[in-house]
Number of protein chains: 2
Amino acid sequence: MDTLDRPNARGPRVTAAMVAERAGVSTATVSLVANGKTQGRVSKDNISRVREAISELGYVVDGIGSSLAKGVSSIVILVAPDISNPFFAKVIAGVRESLRADYQLLLSVTDAGEFPQAADVRKLMAFRPAGLLVDAPNSDFLEELSAAGPLVLLDAPGLESYAPTVNLDVAHGARELAAHLADSGHTRAAYIDSVTGTATFELRRNAFLKEAGARGISVPPDCIMSTRIDLGAAAEAFAGAWPRWQRQGVTAVVCGTDTQAYGVLQEARVAGVRMPQDLAVAGFDDLPYSATSNPSLTSVHLPAVPLGRKAGQQLRGLMEGIELEEPHVTLDSSLVVRGSTG
Amino acid sequence: MDTLDRPNARGPRVTAAMVAERAGVSTATVSLVANGKTQGRVSKDNISRVREAISELGYVVDGIGSSLAKGVSSIVILVAPDISNPFFAKVIAGVRESLRADYQLLLSVTDAGEFPQAADVRKLMAFRPAGLLVDAPNSDFLEELSAAGPLVLLDAPGLESYAPTVNLDVAHGARELAAHLADSGHTRAAYIDSVTGTATFELRRNAFLKEAGARGISVPPDCIMSTRIDLGAAAEAFAGAWPRWQRQGVTAVVCGTDTQAYGVLQEARVAGVRMPQDLAVAGFDDLPYSATSNPSLTSVHLPAVPLGRKAGQQLRGLMEGIELEEPHVTLDSSLVVRGSTG
DNA sequence: CTGAAAGCGCTTACAG
DNA sequence: CTGAAAGCGCTTACAG
């Protein structure tokens, strides 16, 4: 079949008017049929006539025209600080699962660890999104955003007052981690945090520090530092701090993300530090690579796909005008012990 | 400052008509100013009057209305088969770098290893994208797409007839890998390919097999298999095949992607296979985790960020109506030898 | 330099 | 059940 014969071939755009003419009806009727709003409004005869014309011409409702008329598009914007994190790819997969073909997912991402400016998002708002998903936001961002319309926050502990949330119980995993290290005999640890200052990272750190303290592990203030969520950045920071930490008796390093922990593993191996004998290392996220790193990495497992899926479901509800039964949902986390902590 | 006072606060949308009224001009003039097309068409006086009104009201040009009037939006669609691959996150970073704030990047992604249906993309086309980037396409997809408008292909060797391309010289790295394995004394190898059947994977496999053959490494047909680009899928496939491969004298496994190689590493360790003594493993992509896996993974390094950046630049050119100086660009690849091959 | 007006493609009261 | 018409917000010839 020649390309030119096919409905989707290039050439002048097929409009509702063309379909209407072919089917011998008005564009209003075409719109009704194309949107499945025929219930008691279009005759069986016209429905099939229009359907036939649509498939013959390969008509697709124009998203721009439709959005303008409706005042809202079928675009859902996902705002997130770190697309290079494989954890995020899983979140996206979950979101897509919920939104399916009904909505188009538009990603607003920045470089690792940075958060989009509210100005960027306002530009995206000019496309009249049907809804907004914001992953790991900080409150400043939400203050500035002041978005109207359906909004669901992911991984936003403490920010429940802004919008419906889907959170992770990272504190539970953090406490398990502290208990595990205490049980393994550690009494002094260091903590490598993320510089982003998002709530989830504060929660991870605070829950860990509190439980660590309660179980006899000290984490001196000068053994807490922050880096970008980047393997190399964490590696460099660790390399600079390790001699001092070692003198201070640090035997365990906990990182806010697995990505940072990989950097520590890498640098520690280069420095000839034996793991877990001389140093235990652990992270958060339980990325797929944590099972095959050297040593394999102990990590707090966070359910990324369910997080995205649930957020997508909640947003769907809001976009369809349904009252949410449970506006605030929290998903479990748990510790996965591997070779890096013995 | 109260939220309600702020320009971007929720409430009725600010339109060009409101700006026009406030500035005492027509909406035509507002449009000219907002789009920076004032050159010899708007008086200095009106320009500043409109600018003032725009900032006072917090006006942002409505993307939907603007797109409908212009016939094209500022959306760029990136179609890709595998967002869960960290390699892809880097490609995106490169694309974003080129497109900056002028275009909004809309991702059309599917689950790992699957390619979007042309029907999905046609739906996205209803948003009148300014341009299209397609990563690692196969020719069937491009045949079906028959897209009009600016289009650039990434990692699409052999598909130069469809559109401008930015390719990776994966064959060079593949040959280096074969040479390296031959030099290390291997004479029989297995190959784990991707099921997607995209051109880049054929090229990787064919270049490796040819050079391997030329250097005395045999790869029997029953030692070539395909899996999804997924750690677990590759692990399972390897576990099933390894006993037989071992009997056949296989001492090296090459994977089309690092992600699959991680699966082999994992399963081989579980099976007590010593690497690299009993088995050498290598992949393509050189993901960040390949430096810290156990053992660290020998891989063909592919420049992901430059790939995305160059593709974005080329697309920009097309969208702005500039003739491309070099419609087909190829970026280098090279082998990075690590512990998994001794 | 300026504005009135047409038009982009669609959806939705509205009148019949 | 049906269609003519208004309107979504903008841009762009066009006439002045």
Side-chain angles (χ1 to χ4, degrees), chain A residues 12-51 53-54 57-75 122-123 125-130 149, chain B residues 12-51 53-54 57-75 122-123 125-130 149:
Chain A
R13 182 174 298 272
V14 177
T15 67
M18 293 164 67
V19 175
E21 189 182 357
R22 180 156 193 138
V25 298
S26 70
T27 58
T29 300
V30 171
S31 175
L32 258 16
V33 174
N35 289 289
K37 298 185 177 172
T38 56
Q39 190 69 277
R41 312 221 256 151
V42 184
S43 66
K44 291 229 177 306
D45 208 41
N46 274 346
I47 292 180
S48 58
R49 222 197 296 288
V50 171
R51 286 213 180 116
I54 285 178
L57 296 174
Y59 172 67
V60 176
V61 178
D62 183 75
I64 297 292
S66 172
S67 301
L68 186 57
K70 285 179 171 167
V72 62
S73 73
S74 61
I75 289 176
R122 225 168 297 141
K123 249 187 170 169
M125 296 302 258
F127 282 98
R128 314 256 197 126
Chain B
R13 181 174 298 275
V14 177
T15 66
M18 294 164 66
V19 174
E21 189 182 358
R22 180 158 194 137
V25 299
S26 70
T27 59
T29 301
V30 171
S31 175
L32 258 15
V33 174
N35 289 289
K37 298 184 177 173
T38 55
Q39 189 68 279
R41 312 222 255 151
V42 184
S43 65
K44 292 229 177 306
D45 208 41
N46 274 345
I47 292 179
S48 58
R49 223 197 296 288
V50 171
R51 287 215 179 114
I54 285 177
L57 297 174
Y59 172 68
V60 176
V61 177
D62 184 75
I64 298 292
S66 171
S67 301
L68 186 57
K70 284 178 170 165
V72 62
S73 73
S74 61
I75 289 175
R122 224 169 297 142
K123 250 187 170 170
M125 296 301 259
F127 282 98
R128 313 255 197 128

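Note on naming: letters A, B, ... go to the chains in the order of the sequence lines (proteins, then strands), and numbering restarts at 1 for each one.
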**Request:** Nearest-nucleotide wise, let me know which of B:V25 and A:I64 is further upstream toward the 5' end of DNA chain C.
**Result:** B:V25
**Message:** Any heavy-atom pair between the side chains of A:F127 and A:S67 that's under 4.5 Å?
**Reply:** no
**Prompt:** Would one find a side-chain N or O of B:S66 under 4.0 angstrom from OP1 or OP2 of D:dG9?
**Reply:** no
**Request:** Report the residue (B:L68 or B:D45) whose heavy-atom-nearest nucleotide on DNA chain C is the more 5′ of the two.
**Result:** B:D45
**Item:** Short side-chain N/O contact from A:S43 to OP1 or OP2 of D:dT2, under 4.0 Å
**Value:** yes
**Asked** With a non-hydrogen cut-off below 4.0 angstrom, is B:A16 in contact with a base, only sugar-phosphate, or nothing?
**Response** sugar-phosphate
**Asked** Nearest 0.5 Å, what's the NZ-CG distance between B:K37 and B:L32?
**Response** 8.0 Å
**Prompt:** Has B:N46 got a side-chain N or O lying under 4.0 Å from the OP1 or OP2 atom of C:dT2?
**Reply:** yes
**Prompt:** Backbone N or O of A:R41 within a donor-acceptor pair of the A:T38 side chain at under 3.5 Å?
**Reply:** no
**Asked** Hey, does A:K44 reach any base, or is it just sugar-phosphate, or nothing, if we go heavy atoms under 4.0 Å?
**Response** nothing
**Message:** Side-chain N or O of B:K37 versus OP1/OP2 of D:dT12: is the shortest distance under 4.0 Å?
**Reply:** yes
**Prompt:** Under 4.0 Å between a side-chain N or O of B:S31 and OP1 or OP2 of D:dT12?
**Reply:** no
**Message:** Measuring from atom CD1 of B:I75 to atom CD1 of A:I64, what distance do you get when rounded to the nearest 0.5 angstrom?
**Reply:** 6.0 Å
